[in-house]
Undergrad: 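This is the structure I want to talk about, given as structure tokens.
In this text, all values refer to a predicted model and were calculated from it rather than measured experimentally. The chain is numbered in sequence order, starting from 1. Both ligands and their constituent atoms are indexed starting at 1 by order of listing.
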Amino acid sequence: MGVLYSSTRNDESKVTASWAILKGLSDDGGLFVPDHIPALEYSMRELTGKSYQEIAYEVMRLFLTDFTQDELKNCIERAYDSKFDAEVIAPLVEAGGTYYLELFHGSTIAFKDMALSILPHLMITAAKKNHVENEIVILTATSGDTGKAALAGFAGVEGTKIIVFYPKDGVSPIQEKQMVTQKGDNTFVVGIRGNFDDAQTGVKTLFNDQELRDEMADAGLQFSSANSINIGRLVPQVVYYVYAYTKLLEEGKISDGEKINVVVPTGNFGNILAAFYAKNMGVPIGRLICASNENKVLYDFFISGKYDRNREFVLTSSPSMDILISSNLERLIYRIAGNDAGKNASLMKSLSETGSYEITEQMKEQLADFYGNYADEKETAERIKELYESTGYILDTHTAVASAVYKKYVEDTKDVTTTVIASTASPFKFTRNVMNAIDTKYNAMSDFDLVDELSKIGNVAVPNAIEEIRTAPVLHDNVCDKTEMKAVVKKFLGIGS
Ligand SMILES: *Cc1c(COP(=O)(O)O)cnc(C)c1O
């Protein structure tokens, strides 16, 4: 049976997977969700021994049912190739008694590559299938990692342009350097004076600006989104949870059917939602452990049932998790509301009008598989140092938040189920904070000296993504206020006055 998609805010009309990918966000501001979560057609045992690409096909074909076998296989082949510096794409590494699923071996060394290396291919395939002749303009807000991964994915892709907004003072020096050195005539990078939520809200407003959309249509252009609200990003992320389970099974670390727990360092709630989808497809996953940094809006939500963004925004050493509006949570809310778009829409209205909403007891009961907690800056740094000193393995700051939260979980629950921690970035992307956590003596060194030192003490080669930017020239130096985003977009696209 084919899977169709509808908006979380109005489910009267249904669209195909390819149409949902092209649109990104529904016109009513809702997110596209599948009408059911398909079950895996093979047992976990049958899936052992398969490559990442083969598992990707087995998972994605069940969601993207209007793509042909050739189309999908072609997208997968182009995405998961030698851009990744690990042949297995997502290595599973044991350290300190748990498994780290390294999702950072793609071209920009963060887990966003897992989905953004395939999204451009899915999108141009979708455009062809739907006879769309407009040029696709990818409009994206980034907390640091999505931006570069999307730029790398879309740069030079014919029939597309990409515009990325990032918080000027809210990303790491390496993240910023990666973005502003991006090559490609179809790329445009702008820093905004504001935080990630400002950038994300501004982008959503532009998407829903009918006047702008009309002007673009006249010029043969249409928006799409590379943010994690796009279902074309969520589906490829389900793959690595299936893959991780098959690897554990293959290597005899677990027995067939044995449950595993998953810990995910969370920001926009995309990655952990993918784990939830994997569980619903039939992967034996027990608890879904949602790790936050000091922006602990999700922790408070899981405790109280009240989502409340009215609080101070904290800049932390894990900037890709500095988020107060976790967009993908809406997909979970829709589901625990009994797939009721009306109910979800009224909660989201409350969120946009008052900054908060509260779910019912009945909805809360359905969150039993989730466990939320958070780690502050000190706990995060201590976790990096502790694991390094006991095992030699070096975590990035985001993964360290997850690892610190996992420790709290075990102390809290005494649950010692085999656990996979999603390792979302290479430590080389957050070198200064990582090295300072290990020893404050490193504070005096320059960013690139720190890179070499990290390579030495961690006994890991400097990734290509870092080598490339050492000497790369800055090609983008645009900065604007959040009120100027529309004007900046129109100027880049050469439309309007
Ligand atoms: C984006 C990102 C996260 C958060 O992932 P979500 O899917 O937004 O929850 C965590 N860590 C890193 C390194 C990231 O880039």
Undergrad: Within the 4.5 Å heavy-atom criterion, are Thr187 and Phe154 side-chain neighbours or not?
TA: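 They are not in contact (no side-chain heavy atoms under 4.5 Å apart), so the answer is no.
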Undergrad: Would you call the rings of Tyr307 and Tyr357 parallel, tilted or perpendicular, where under 30° means parallel and over 60° means perpendicular?
TA: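 Tyr307 and Tyr357: parallel rings.
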Undergrad: Suppose we screen for ring pair (Phe, Tyr, Trp, His ring centres under 6.0 Å). Which residues come up paired with Tyr409, at least two apart in sequence or across chains?
TA: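 Only Tyr371 meet the ring pair (Phe, Tyr, Trp, His ring centres under 6.0 Å) criterion with Tyr409.
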Undergrad: Which residues satisfy the salt bridge (Lys or Arg N to Asp or Glu O under 4.0 Å) test with Lys183, sequence neighbours excluded?
TA: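 In terms of salt bridge (Lys or Arg N to Asp or Glu O under 4.0 Å), with neighbours along the sequence ignored, Lys183 is linked to no residue.
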Undergrad: By salt bridge (Lys or Arg N to Asp or Glu O under 4.0 Å), which residues pair with Asp376, not counting sequence neighbours?
TA: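 For Asp376, no residue satisfies salt bridge (Lys or Arg N to Asp or Glu O under 4.0 Å) once neighbours in sequence are set aside.
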Undergrad: Tell me the residues surrounding ligand 1, counting only those with a heavy atom closer than 4.0 angstrom, sorted by chain and number.
TA: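 Around ligand 1, where the cutoff is 4.0 Å for heavy atoms, the contacting residues are Phe111, Lys112, Asp145, Pro265, Thr266, Gly267, Asn268, Phe269, Gly270, Asn271, Ser320, Met321, His398, Thr424, Ala425.
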Undergrad: At their closest point, which heavy atom of Ile21 faces which heavy atom of Asn230, and how far apart are they?
TA: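 Scanning both residues, the minimum pair turns out to be O-ND2, 3.0 Å.
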